[in-house]
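What's counted below: heavy atoms across the whole structure, side chains too, no hydrogens, waters or symmetry copies. Just so it is clear, the structure is predicted and the values come from calculations on it, not from any experiment.
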There are 2 protein chains.
Amino acid sequence: MNRVREFRKALHLSQLALANEIGVARQTVNLIENAKYNPSLDLCISLAQALHTDLNTLFWPPTLAAAKEDEQDG
Amino acid sequence: MNRVREFRKALHLSQLALANEIGVARQTVNLIENAKYNPSLDLCISLAQALHTDLNTLFWPPTLAAAKEDEQDG
DNA sequence: ACGCCTTGTCATATATAATTGACATTCCCC
DNA sequence: GGGGAATGTCAATTATATATGACAAGGCGT
């Protein structure tokens, strides 16, 4: 899963409003929020910008984030 | 541009070796390094894992990273 | 000089992301 | 209890990511 819906709602945007802002169809936002497919990098970046966040926050799996911290902490 | 080539070389991997590791064709890695197209999110995550880094490091545009810092710093 | 590995690139084919239009359902407001 | 906005979802189409096979060029060791 990803955190698109969470960040979209925090900005009080509908799926349609967000889709218009980044120039895609409403269905595209819906499918991404429900993890029905695999969006392109450009689209992920547009989403992150529109939602005032970044790629890791929206899409980096928490399990991997934890693994990476272990790596750093030793 | 992105930092895939930089991280791949740091691990002394060929395009072919990296492609095999993440289960895609060599051409796919080549095209991504040369920014010839727009990879999928799953592929970006696989790349980030294989290169022991994360999405922001590989793909987040420096201009956006700077903008986000401004936002935080005030 | 030869061979091997690496990289860039082409052309064709297949899988899938993304669009468009539509319909049903739920929720909220009047 | 009727009307609109928001969401989930379907079918069909278009755009494009990715695979496969192949070839040329440069680097490096022998």
Side-chain angles (χ1 to χ4, degrees), chain A residues 1-69 71, chain B residues 1-68 71-72:
Chain A
M1 289 293 172
N2 62 61
R3 300 177 66 188
V4 173
R5 172 169 291 144
E6 171 188 347
F7 276 76
R8 175 176 61 78
K9 293 214 160 178
L11 292 178
H12 304 290
L13 292 172
S14 67
Q15 291 179 348
L16 179 58
L18 177 55
N20 287 341
E21 194 166 330
I22 66 183
V24 296
R26 177 179 69 85
Q27 285 86 335
T28 301
V29 171
N30 187 307
L31 289 168
I32 292 170
E33 287 191 353
N34 292 305
K36 291 303 177 79
Y37 65 44
N38 194 6
S40 69
L41 176 60
D42 282 357
L43 182 45
C44 292
I45 291 176
S46 294
L47 276 169
Q49 288 183 76
L51 298 178
H52 303 117
T53 181
D54 54 65
L55 290 172
N56 281 353
T57 304
L58 280 187
F59 298 109
W60 192 245
T63 65
L64 295 183
K68 193 141 193 302
E69 277 174 28
E71 196 179 304
Chain B
M1 290 293 173
N2 61 61
R3 300 177 66 188
V4 173
R5 172 168 292 145
E6 171 188 348
F7 276 75
R8 176 177 59 78
K9 294 214 159 182
L11 292 179
H12 305 290
L13 292 172
S14 68
Q15 290 179 349
L16 180 58
L18 177 55
N20 286 341
E21 194 166 331
I22 67 183
V24 297
R26 177 180 68 85
Q27 286 85 336
T28 301
V29 172
N30 188 306
L31 288 168
I32 291 170
E33 286 192 354
N34 292 304
K36 291 302 179 78
Y37 64 48
N38 195 5
S40 70
L41 176 60
D42 282 356
L43 182 45
C44 292
I45 291 175
S46 294
L47 277 169
Q49 288 183 77
L51 298 177
H52 303 118
T53 181
D54 55 63
L55 289 173
N56 282 353
T57 304
L58 281 187
F59 299 109
W60 192 245
T63 65
L64 295 183
K68 195 142 192 298
E71 196 179 301
Q72 288 170 356

* **Closest to the A:R8 side chain, choosing from D:dT7, C:dA18, D:dA17** => D:dT7
* **Euclidean distance, atom CG of residue A:L11 to atom C1' of D:dA6 [Å, nearest integer]** => 17 Å
* Asked: Whole-Å distance between D:dA17 C1' and A:D42 CG?
  -> 12 Å
* **Gap between atoms CD1 and P, on B:I32 and D:dA19 respectively (whole Å)** => 9 Å
* Establish, with yes or no, whether the OP1 or OP2 oxygen of C:dT6 is under 4.0 angstrom from a side-chain nitrogen or oxygen of B:R5. => no
* Could you check which of D:dT7, C:dA18, C:dT7 has an atom nearest any side-chain atom of A:P39? => C:dA18
* **Whole-Å distance separating the CG atom of B:L16 from the C1' atom of D:dA19** => 14 Å
* So does B:R26 reach the base of D:dG21 with its side chain, donor to acceptor, closer than 3.5 Å? -> no
* **Sidechain-backbone polar pair: A:N30 side chain, A:Q15 backbone, donor-acceptor under 3.5 Å** => no
* OP1 or OP2 of C:dC10 less than 4.0 angstrom from a side-chain nitrogen or oxygen of B:Q27, does that happen here? -> no
* Without swapping roles, check the side chain of A:R8 against the backbone of A:L13 for a donor-acceptor pair under 3.5 Å. => yes
* What is the distance from CG of A:L43 to P of D:dT16, rounded to the nearest Å? -> 13 Å
* Could you state the atom-to-atom distance from CD of A:E33 to P of C:dA17 in whole Å? => 17 Å
* Asked: So, for B:D42 and A:N38, which heavy atoms are closest and what is the spacing to 0.1 Å?
  -> N-OD1, 2.9 Å
* To do: Provide the closest heavy-atom pair for A:F7 versus A:T57 in the form atom of the first, atom of the second, distance.
  => CZ-CG2, 3.4 Å
* Got a donor-acceptor contact below 3.5 angstrom from the A:N34 side chain to the A:K36 backbone? -> no
* Does a nitrogen or oxygen in the side chain of B:T28 sit under 4.0 Å from OP1 or OP2 of D:dA17? -> no
* Per A:S40 side chain, nearest of listed nucleotides D:dG8, C:dA18, C:dG8 -> C:dA18
* Asked: Can you find a side chain N or O atom of B:K36 that sits less than 4.0 Å from OP1 or OP2 on D:dA17?
  -> no
* Can you find a side chain N or O atom of B:N30 that sits less than 4.0 Å from OP1 or OP2 on C:dG8? -> yes
* Asked: Has A:N38 got a side-chain N or O lying under 4.0 Å from the OP1 or OP2 atom of C:dT16?
  -> no
* To do: Classify the nucleic acid contact of A:L31 as base, sugar-phosphate or nothing, counting any heavy atom under 4.0 Å across all strands shown.
  => nothing
* Using atom CG of A:L13 as one end and atom P of D:dA5 as the other, report the distance to the nearest whole Å. => 17 Å
* Asked: For B:Y37 and C:dT16, what is the distance between atoms OH and C1' respectively, to the nearest whole Å?
  -> 13 Å
